[in-house]
Amino acid sequence: MYLAMNRFEIAKGFEEGFEKLWRERDSYLETVPGFKTFSLLKGTQTEEYTLYASHTVWESQEAFQDWTQSESFRKAHAQAKAPKGTYLGHPNLELFEAVL
Ligand code: HEM
């Protein structure tokens, strides 16, 4: 099992718009070989931002890497962009290999 998580710091007041973007996106994941699950997670808040994570589970590292180079990945990321001011900083990608 392999896990890929992209963390986003979303400026206060922009949460609803960010969630809407994800809710209304065209998703291609269900057709991708080796894909298992997707969640959009809402985390802790500070005075400046609310933390979100897009969380995906894959059968293997190879399945994840193949997806990042696929047409499905490109199309998912060519959709409507979040309004200016939504993101505080860059998304933070974290990758995990299951040990146990
Ligand atoms: C290798 C790095 C990345 C991973 C693993 C990743 C993960 C994902 C996943 C799993 C989806 C859903 C795709 C679907 O349902 O078909 C998605 C869509 C999306 N990703 Fe990424 N992503 C990456 C890079 C980025 C970057 C750099 C941004 C910049 C902010 C971003 C922002 C978004 C947004 C806003 C969506 C929702 C659909 C849209 O409007 O484009 N992602 N991403």
Side-chain angles (χ1 to χ4, degrees):
M1 190 187 99
Y2 193 74
L3 198 152
M5 198 167 84
N6 212 9
R7 288 196 288 135
F8 302 92
E9 292 175 0
I10 301 303
K12 280 288 175 68
F14 286 82
E15 292 92 342
E16 213 171 289
F18 181 71
E19 289 179 20
K20 187 166 181 281
L21 196 97
W22 282 87
R23 224 174 263 124
E24 295 180 358
R25 80 194 194 282
D26 291 325
S27 179
Y28 306 94
L29 291 172
E30 292 300 333
T31 64
V32 177
F35 166 76
K36 288 168 90 81
T37 63
F38 166 84
S39 310
L40 181 67
L41 306 172
K42 187 176 185 175
T44 50
Q45 301 188 359
T46 69
E47 281 184 12
E48 290 91 39
Y49 65 82
T50 302
L51 185 65
Y52 284 86
S54 77
H55 178 285
T56 47
V57 178
W58 302 84
E59 271 169 25
S60 64
Q61 179 177 13
E62 194 187 10
F64 168 71
Q65 281 173 348
D66 287 349
W67 171 69
T68 62
Q69 285 161 39
S70 72
E71 186 62 10
S72 302
F73 181 91
R74 195 197 60 74
K75 282 197 289 188
H77 290 91
Q79 301 180 55
K81 296 287 174 262
K84 200 168 161 46
T86 299
Y87 300 107
L88 295 187
H90 293 289
N92 187 1
L93 179 67
E94 293 171 318
L95 302 171
F96 300 87
E97 185 103 42
V99 177
L100 295 176

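Order of appearance sets the numbers: ligands from 1, and atoms from 1 within every ligand. Both backbone and side-chain heavy atoms feed into the values below; hydrogens, waters and symmetry mates do not.
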- Heavy atoms, side chains only, cut-off 4.5 Å: are E24 and Q79 in contact? no
- Message: Is the shortest side-chain heavy-atom distance between Y87 and F14 below 4.5 Å?
- Response: no
- Can you tell me which residue and heavy atom of the protein come closest to atom 1 (C) of ligand 1, and the distance to 0.1 Å? L93 CD2, 3.7 Å
- Query: With atoms numbered from 1 as shown, which atoms in ligand 1 lie under 4.0 angstrom from a non-hydrogen atom of F64?
  - Reply: 5 (C)
- Mark up the atoms of ligand 1 that fall under 4.0 Å of a heavy atom belonging to L21, in ascending order. 35 (C), 40 (O)
- Message: To the closest 0.5 Å, what do you measure between OG1 (T68) and NE2 (H77)?
- Response: 10.0 Å
- K75 and D26, any side-chain heavy atoms less than 4.5 Å apart: no
- Going from CG on N92 to CZ on F8, what distance comes out if it is rounded to the nearest 0.5 angstrom? 10.0 Å
- Out of M5, H77, R25, Q65, who gets a non-hydrogen atom closest to atom 22 (N) of ligand 1? H77
- Message: Need the ligand 1 atom indices (1-based, order shown) with element for anything under 4.0 Å from a heavy-atom of Q79.
- Response: 39 (C), 40 (O), 41 (O)
- Query: Nearest to atom 3 (C) of ligand 1, what protein heavy atom do you find, and at what distance?
  - Reply: N6 ND2, 3.7 Å
- Task: List the closest protein heavy-atom neighbour of atom 16 (O) of ligand 1: residue, atom name, distance to the nearest 0.1 Å.
- Result: Y28 N, 2.8 Å
- Query: Are any non-hydrogen side-chain atoms of Y28 and S70 less than 4.5 angstrom apart?
  - Reply: no
- Applying a strict 4.0 Å limit to heavy atoms, is W67 in contact with ligand 1? yes
- Task: Give a yes/no verdict on whether any heavy atom in S72 is under 4.0 Å from an atom of ligand 1.
- Result: no
- Under a 4.5 Å cut-off applied to non-hydrogen side-chain atoms, are F64 and L95 in contact? yes
- State the atoms of ligand 1, each with its element, that fall below the 4.0 Å cut-off from a heavy-atom position in T56. 10 (C)
- min-distance protein heavy atom vs atom 38 (C) of ligand 1 -> A76 O, 3.4 Å
- The option among F8, W22, F38, F18 carrying the non-hydrogen atom nearest to atom 18 (C) of ligand 1 is W22
- Query: In the protein, which heavy atom is nearest to atom 15 (O) of ligand 1, and how far is it?
  - Reply: S27 OG, 2.5 Å
- Query: So E19 and Y52, side chain to side chain donor-acceptor pair (under 3.5 Å) or not? Walk me through it.
  - Reply: CA-CA 9 Å; E19 289 179 20; Y52 284 86; 2.6 Å; yes
- Message: Below a 4.0 angstrom heavy-atom separation, can you tell me which part of P91, side chain or backbone, both or neither, approaches ligand 1?
- Response: side chain
- Nearest non-hydrogen protein atom, atom 40 (O) of ligand 1: A80 O, 3.2 Å
- Compare all side-chain heavy atoms of F96 with those of Y2 and state whether any distance is below 4.5 angstrom. no
- 4.5 Å side-chain heavy-atom contact, W67 and L29: yes
- ligand 1 contact on L29 by region, counting heavy-atom pairs under 4.0 Å: both
